[in-house]
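Order of the sequence lines sets the chain letters (A, B, ...), proteins ahead of strands, with each chain counted from 1.
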Amino acid sequence: MRMSKMFSKTLREAPSSAESKGYEYLLRAGFVQQMGAGIFSLLPLGYKTNSKIEKIIRDEMDQIGGQEILMPVVNPADIWKETGRYYSIDKEMSRFNDRADRDMVLAMTHEEDATAIARQEIGSYKQLPQLIYQIQTKWRDDARPRAGLIRVREFTMKDSYSFDKDIDGLNEQYKEHYSSYFRIFSKAGLPVIVVGADSGMMGGKISHEYMYLSPIGEDTIITCDECDYTANRQVAEFKKEYFKEEEKEIEKVLTPDCKTIEDLCNFLKIEKRQTAKAVFMVGTFINDKTGEEEEKLIVAIIRGDLDVEENKLQKAAKANSLRPAHEEEILAAKMVPGYGSAINCDPKAIIIVDDSVKKSNNLVAGANEKGYHLLNTNYGRDYKGIVADIASAKAGYTCLCGHKLKENRGIEVGNIFQLGTRYSEAMNCYFTDIDGKKKPVIMGSYGIGVGRFLACLAEEYNDEKGLKLPITIAPYQVHLINLIKDTSIGEKIYKELSDAGVDVLYDDRKESPGVKFNDADLIGLPIRITLGNRSVKEGKAEVKFRSNLDENLLFDLDTLTQKVIETIDSLTKDINDKIIHKELSL
RNA sequence: CGGAUAGUAGCGCAGAGGCUAGCGCGCUUGCUUCGGGAGCAAGAUGUCGGAGGUUCAAGUCCUCUCUAUCCGACCA
């Protein structure tokens, strides 16, 4: 490609909307352009990179037996009504009516589609296992897109769907994806860690997320260096210490102005772990069949030294969504904010008790009366509820193995889910097994956000001058800069390299050297060849690596193409040598 | 959806009642220059986000609205 003909231009200053380095460079180098909130176009450089990422993904998916298909973005709402997600997913899924007033949706994921396709094609165990995948546009009307390409509304996703006759088959395909994803990310040079995850609205059981660790990430990942435990905070477990003593009688005490646990502890001169606090939420419960919504007050009781993890709470309460309760709602259920507990509350409220509370006793809790608390409250004796782990893990807490946990921010670039029969049963996707019986197909679904993948690479590979993407995914392998007025040598080398199959970006513009070097730094192609009078006079070209601009090599012009190909091979080999082979045992 | 900020030339910004809206970069033409964002000269570019209103006079004040960004709620 000749830079003189290139569609996009580079920007000297960052557009004001760019707040992360990676995103700033993607904009300035002309990889992407924003169209609206969370809506982007990929310009030629961005699209070339995107295509290289997709190729790595396709190769890997094909390798584990995937067959590429393409499903529609626009779906009849019927299939989404079959699984109930038409009702359970809120505004994030966009809906409209077609000319005949039929309900339509923009598919935000394709479990429904994949299942609808599979039920047509699969009838016998002899056809299983199967794996289909697609790389396709998703629209998710996120309430708040942010951070450039990290959280967008329209994006490209690789999603694959596995179909098996039994759990062993599912486990097999799940493990294949587990390993395959590591190879995909490492081939592109993106460091990721895998974490145990919440299966969220997918509704399955086992699931993992692939996280790129970055301070701009929106997920919190809990890890243990000692036993390699890693989990999204939404599901992370930790070891709680319990304190049991002889059970004492409940006792009401005056505790003026003690609306927070801190005030209460200072006033009573006790530790936070000796208290039980109540957190009030309102959960929405949706009937999958009718779409009817119902709201119920949820009271979460947790020991004062811990915090509630809303995701865990939502699961324990089996709620569709949660929001903080308003004061009136709390009062209506006979509880008092600031002095609340589950004791003598409205029986219609759902009480979820963290196991820390069940296993401790004689805790100080609210008396549901302004200015009063109760000493020595005990779960079981004084109130009952659903016991679950609803506590949020934090750095410094103790891992189940006994060591200290750490926390990091991360960006989810991929996920794998075991769906089981959630979709096949709901959508009547059955096969006849060897024993002649009809059984639901067992499914898994596996996603990679392609645009987010690119965004993460841009975050990972940059410096104060611009991008420096790895050779496996950089839009071009070589940046050829001609500084000589007589362009004949530049033209000759450009042709030689191109003919030899090298991906070259040739700066043939009539620009000053400074402009050319700065643009080359910004776009950051891995290998830079500079043709200048100094070296060309001696029959040589200068070669630099974007990853280390201080080192300057001289290659003979006669053998340049050959040497460049060798260099490309060696850079590629460096990355391939670092491909992570990791297996999951289930 | 709540809170905050911002919309003026392709990009970054100034102009905060006064008559013809500016600066830097970029863009166009010419000459010179040619190894780290060149110099000189001559140019072009705006419905001041939109709609209403106040005023003799509105980028400038008021109302409404749209859009974007950030914080939060939310997030397969």
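Residue-to-nucleotide contacts include no donor-acceptor pair under 3.5 Å from the side chain of A/Glu511 to the base of B/G37. Taking 3.5 Å as the limit, the base of B/G37 and the side chain of A/Arg28 contain a donor-acceptor pair of atoms between them. Judged by distance alone with a 3.5 Å cut-off, no donor-acceptor contact links the side chain of A/Arg12 to the base of B/G12. A donor and an acceptor atom never sit less than 3.5 Å apart when one is taken from the side chain of A/Asn533 and the other from the base of B/G35.
Residues passing the side-chain contact (heavy atoms from CB on, under 4.5 Å) test with A/Ser94, sequence neighbours excluded: A/Leu106, A/Trp139, A/Asp141. Among residues two or more places apart in sequence or in another chain, the side-chain contact (heavy atoms from CB on, under 4.5 Å) test is passed with A/Thr223 by A/Ile193, A/Ile221, A/Thr230, A/Lys406, A/Asn408. Considering only residues two or more places apart in sequence or on other chains, A/Leu554 meets the side-chain contact (heavy atoms from CB on, under 4.5 Å) condition with A/Ser535, A/Lys540, A/Glu542. Residues passing the side-chain contact (heavy atoms from CB on, under 4.5 Å) test with A/Lys9, sequence neighbours excluded: A/Leu11. Listed by chain and number, the residues in a side chain to side chain donor-acceptor pair (under 3.5 Å) with A/Asp90 amount to none (sequence neighbours excluded).
In this structure, the CE atom of A/Met35 is 16 Å from the P atom of B/U67, given to the nearest Å. Note: CD (A/Glu19) to P (B/C70) measures 4 Å, nearest angstrom. Residue A/Met93 contributes atom CE, which lies 20 Å from atom P of B/C74 at whole-angstrom precision. Across the protein-nucleic acid pair, A/Asn552 atom CG and B/G36 atom P stand 13 Å apart, rounded to whole Å.
Residue A/Phe453 is tested with A/Tyr181, A/Tyr212, A/Phe155, A/Phe185 for a ring-ring contact (aromatic ring centres under 6.0 Å, His included); the sole match is A/Phe185.
Looking at which nucleotide of RNA chain B each of A/Thr10 and A/Gly148 is closest to, the 5′-most match is held by A/Thr10.
Comparing B/C34, B/C74, B/C13 by their closest approach to the side chain of A/Ser16 singles out B/C13.
Within the 4.0 angstrom heavy-atom criterion, only backbone atoms of the sugar-phosphate kind lie near A/Ala37; the bases stay farther away. Residue-level contact check: A/Asp519 touches the bases, meaning some heavy atom is under 4.0 Å from a base atom.
Nucleotides B/C19 and B/C56, compared at atom C1', are 12 Å apart to the nearest Å.
For RNA chain B, the neighbouring residues in residues 151-159 of chain A, judged by any heavy atom under 4.0 Å, are A/Arg151, A/Phe155.
Between A/Asp508 and A/Lys5, no side-chain nitrogen of the basic residue sits less than 4.0 Å from a carboxylate oxygen of the acidic one, so the salt-bridge criterion is not met.
In this model, the phosphate group of B/C1 is not approached by any side-chain N or O of A/Arg144 to a distance below 4.0 Å at OP1 or OP2.
Glycosidic conformation, B/G49: anti, with the torsion outside 90° of 0.
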